[in-house]
> 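Dropping a structure here in structure tokens format, bear with me for questions.
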Amino acid sequence: MNRETIHSVVTRALASQPITDLHTHIYSPRFGASPQPAGLLLWGIDELVTYHYLIAEVYRVVPASVLPYEKFWAMSKAAQADHIWKHLFLERTPVSEACRGILTTIGKLGLDPGEKSLEKHRKWFATQDPDKHVDRVMEIANVDSITMTNAVFDDRERELWLSNSQLGGDPRFKAVLRIDPMLRNWPEAVRRLASWGFGVREDFSGKTVREAQRFLGEWLDRMRAIYVAVSLSPEFHFPDPGGAPSDRVLREILLPLLAERGLPFAMMIGSRLRVNPALADAGDMSGKADILAVANLCHEFPRNRFLVTMLARENQHELCVAARKFGNLLVFGCWWFLNNPSLIEEITRMRIELLGTSFVPQHSDARILEQLLYKWEHTRSILAKVLAEKYADLAATGWPLQPSDIQRDVRLYLRDTFHCFVRSK
Ligand code: FIX
Ligand code: ZN
């Protein structure tokens, strides 16, 4: 196959391969849908345009000295969207990745990306039924399974699960038990668990280990969770030089339980939260983290499987090298501030060169349903470019590369490696 043929085979294979999206913040419509105040499924043009990435970007153009944060947060969702649309799309060119993503999304839905007013788009979305819209978006994006992020320490989410046992039954969605406070703020986690009737103590005395594992076990069962996840700060170490509680939570509570249940543990490392608290979700930042923590965990817990992504560009090469040392480490995604074409290309090229087909190139991290359309469209085109280049290099050695080889690899990259790692069917 020559370069042109290879590129078209790769492009077709990527387009036709259904994707299992292993980390998103999208919810099944069973959790309620916006604009219902308590609805957790976010969808529609106003949610898209007020994505926290765009809130951060509009505050670079209209600073807080002009529009105080509290005034912005007091505006209606539509007014916030109009403000962002005016400043980032009408008065400036929408060249950023998050801006371009809105326009790709609008186009993929068959609407006019050149439409200068949000009103027409609002009218179209108002005629959509959220549940059917989920099917339509998954079909257009060619995503066959959406993995949720189910934060058990979030009151709204926990109450929903406790009040509705059918919540986890939507076959299009899989649940993930997200437990950040247990590793980022143990005293707070102990307070919450104790208030829910679990006999845990900050000093780990008494029945703390058993009771914390009972808590985790109950929620893993209730959610039918396919893995457990946390986001960790750049200062995360294992073991922690200061003997942080996270050492004992990992060693005595979480990892033995997950090994026994055969479930992976996902660590998303490098998020420095709320450096600008007034921006809320838009106020988080990235930071270089300690790869040795990942290597030590993989080494000390060979019966556990670790899904890991890191937020700092500077950590990516070391993470690939660590993955070469431990088969129980699966590297995934170009997370958050790395989910941009220039960095997806750089990181994916590096990963193919060091890890071959044994990694998961991307997850969407979508917060709003329709973001699946742009996040996967943009990623597929970068993957096509990088894979075509790598296969052309391989073909140049005289290796008899076949289209079926490429299809098999693409299936691994976009679906089967993850399914095999979580042991799901
Ligand atoms: O911790 C996480 O799951 C992060 O992905 C989010 O907190 C973050 O806001 C996000 O959505 C990034 O894309
Ligand atoms: Zn996320």
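Being a predicted model, the structure only gives us computed values, none of them experimental. Whatever order the structure lists them in is the order used to number ligands and atoms, beginning at 1. The first residue in the sequence is number 1, and the count goes up from there.
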> Ignoring hydrogens, what is the shortest heavy-atom contact between Asn328 and Phe301? Give both atom names and the distance.
ND2-O, 3.3 Å
> Heavy-atom contacts with Tyr53 under 4.0 Å: which atoms of ligand 1 show up? List them by number with element.
12 (C), 13 (O)
> Which atoms of ligand 1 sit under 4.0 Å from any heavy atom of His23?
3 (O), 5 (O)
> Is it true that the NZ or CZ of Arg222 lies under 6.0 Å from the centre of Trp219's six-membered ring and within 45 degrees of the ring axis?
yes
> Could you list which atoms of ligand 1 come closer than 4.0 Å to a heavy atom of Ser231?
1 (O)
> Tyr69: what forms a ring-ring contact (aromatic ring centres under 6.0 Å, His included) with it, not counting sequence neighbours?
Tyr59
> Could you identify the single nearest non-hydrogen protein atom to atom 4 (C) of ligand 1 and state the distance to 0.1 Å?
Trp335 NE1, 3.6 Å
> Taking distance alone, with N or O pairs closer than 3.5 Å, would you say Asp281 contacts ligand 1?
no
> Of all N, O or S atoms in His25, which has the smallest distance to the Zn ion (ligand 2)?
NE2
> So which heavy atom in the protein is nearest atom 6 (C) of ligand 1, and how far is it from that ligand atom?
Arg367 NH2, 3.4 Å
> With heavy atoms of His25 as the reference, note each atom of ligand 1 found under 4.0 Å away.
2 (C), 3 (O), 4 (C), 5 (O), 6 (C), 11 (O)
> Only N/O/S atoms count here: what is the atom of Asp365 closest to the Zn ion (ligand 2) called?
OD1
> Going by the side-chain hydrogen bond (donor to acceptor under 3.5 Å, both in side chains) test, name the single residue among Arg122, Lys116, Lys123 that passes it with Glu119.
Arg122
> Flag the pair Trp43 / Tyr27 as yes when their ring centroid distance falls below 6.0 Å, and as no otherwise.
no
> Determine whether the side chains of Arg351 and Gln316 contain a donor N or O and an acceptor N or O closer than 3.5 Å.
yes
> May I ask you to identify, for Arg178, whether its side chain, its backbone, both or neither come under 4.0 Å of ligand 1 on a heavy-atom basis?
side chain
> Taking the inter-plane angle between the rings of His25 and His23 on a 0 to 90° scale, is it parallel (under 30°), tilted (30 to 60°) or perpendicular (over 60°)?
perpendicular
